[in-house]
Amino acid sequence: MKLFECQNCGQLLYFENVTCEKCGHRLGFNSETLSLVTLKETGDGWKPVGNWRGKVRFCRNAQERVCNWLVPDSSGEDYCIACRLNRTIPDLGPPENRALWQKFESAKHRLVYGLLRLGLSVPSKTEDPKGGIAFDFLSPQAEPDGVITGHESGLITLNLDEADDAKREVNRKNLHEPYRTVLGHFRHEIGHYYWDMLVAGGPWHERYRRMFGDETIDYSSALQQHYQNGPAPGWQRNFISAYATSHPWEDFAETWAHYMHIVDTLETAEYFGVKIEPRAGRKGANRMAIDYTRMASSFEAMLEGWVPLTTALNTLNKSMGQRDLYPFVLTPSITAKLKFVHELIADSAQPARA
Ligand SMILES: [Zn+2]
Ligand SMILES: [Zn+2]
């Protein structure tokens with residue numbers, strides 16, 4: 001994720017900011033240029049400060065305090081490109097639901113930023129009923145049959161309970177997962193969507209099968225078997241997570257999510273000017289200035305930055321008494337799958353917008 005700067009006063013700004021802490025100007029995110037824009041209110045609406053022409057509007061979800069994205073005033077849209085994807089939001093009657101929904105929206109907006117950043121198209125089901133994306137955010141308290149997180153032809157269902165840290169932690173522990181986050185769920189489920197869009201039946205399908213396995217094996221029995229027996233011993237050599245072993249579709253979605261984690265974290269490190277220069281073990285250690293923009297040209301270059309960065313991040317977490325930020329080990333076989341995702345995206349993406 002990039003860092004931003006107030007166009008009025010030069011203050012450092014973050015993706016989620018809605019006002020400038022220093023000068024108090026309202027801020028909005030422009031999804032065309034992927035930048036946070038400083039706004040001033042004119043008699044008839046909001047305008048970016050500076051020489052910009054044209055008015056902008058806030059996404060209707062700004063009223064709900066779950067979105068800071070903009071819509072061009074000339075467009076007929078009420079919602080921003082990220083909020084247009086919502087088909088069902090939780091019932092905001094129960095007071096706790098609003099805070100949980102806010103967590104979902106925060107992760108969803110970061111997801112959409114990440115997809116746009118990679119040059120991927122993010123159509124809603126309203127504009128493209130067959131090939132678009134829609135989210136159902138469902139509270140299990142309101143669904144008599146419960147809520148199963150998953151993806152089906154662009155429709156992504158997410159269980160609102162996962163935004164509750166205590167409940168998510170219980171699930172994490174029961175499923176023996178080292179890592180479970182709301183953002184991870186979004187990135188995983190969207191991976192299934194892009195498998196449908198970019199892999200299924202296309203020029204990448206054969207290569208996918210050679211690397212991830214034959215996805216035509218029965219999905220529900222594969223999953224059932226996974227939950228009954230767990231992953232095969234030694235799975236860590238070939239899979240980024242135990243869940244990835246359950247079916248080649250899940251392996252792809254887990255790998256896709258992981259690739260998005262890497263890109264976002266490397267870009268954040270770049271914007272903070274992070275350099276890894278350990279003051280010990282000078283002979284063996286990797287020394288690296290994290291520069292995602294340069295590293296994005298090849299997956300090998302990204303890894304060169306990623307490995308020393310995650311080593312440093314894990315060690316920093318230990319200093320704070322926290323468990324590893326990055327509880328994963330990248331083996332050659334996992335790296336090859338990540339590279340597949342990198343090349344698939346590079347091949348499918350439109351030229352960068354920013
Ligand atoms: Zn400012
Ligand atoms: Zn919005």
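Note that ligands are numbered from 1 as they come in the structure, with each ligand's atoms numbered from 1 the same way. Everything quoted here is computed from the prediction, not taken from an experiment.
Remark: side-chain polar atoms of Ser121 are not paired, donor with acceptor, to backbone N or O of Pro123 under 3.5 angstrom. In terms of modelled atom types and a separation under 3.5 Å, the side chain of Lys22 and the main chain of Cys6 share no donor-acceptor contact.
For Arg180, the CZ atom counts as densely surrounded, since its 6.0 Å shell holds more than 12 non-hydrogen atoms of other residues, nucleotides or ligands.
The SG atom of Cys6 and the SG atom of Cys20 subtend an angle of 120° at the Zn ion (ligand 1), given to the nearest 10 degrees.
Put simply, His25 stays out of reach of the Zn ion (ligand 1), with no N, O or S atom under 2.8 Å from it. Among the atoms of Cys59, an N, O or S atom is found under 2.8 Å from the Zn ion (ligand 2).
Of the N and O atoms on the side chains of Thr293 and Glu270, at least one donor lies less than 3.5 Å from an acceptor on the other residue.
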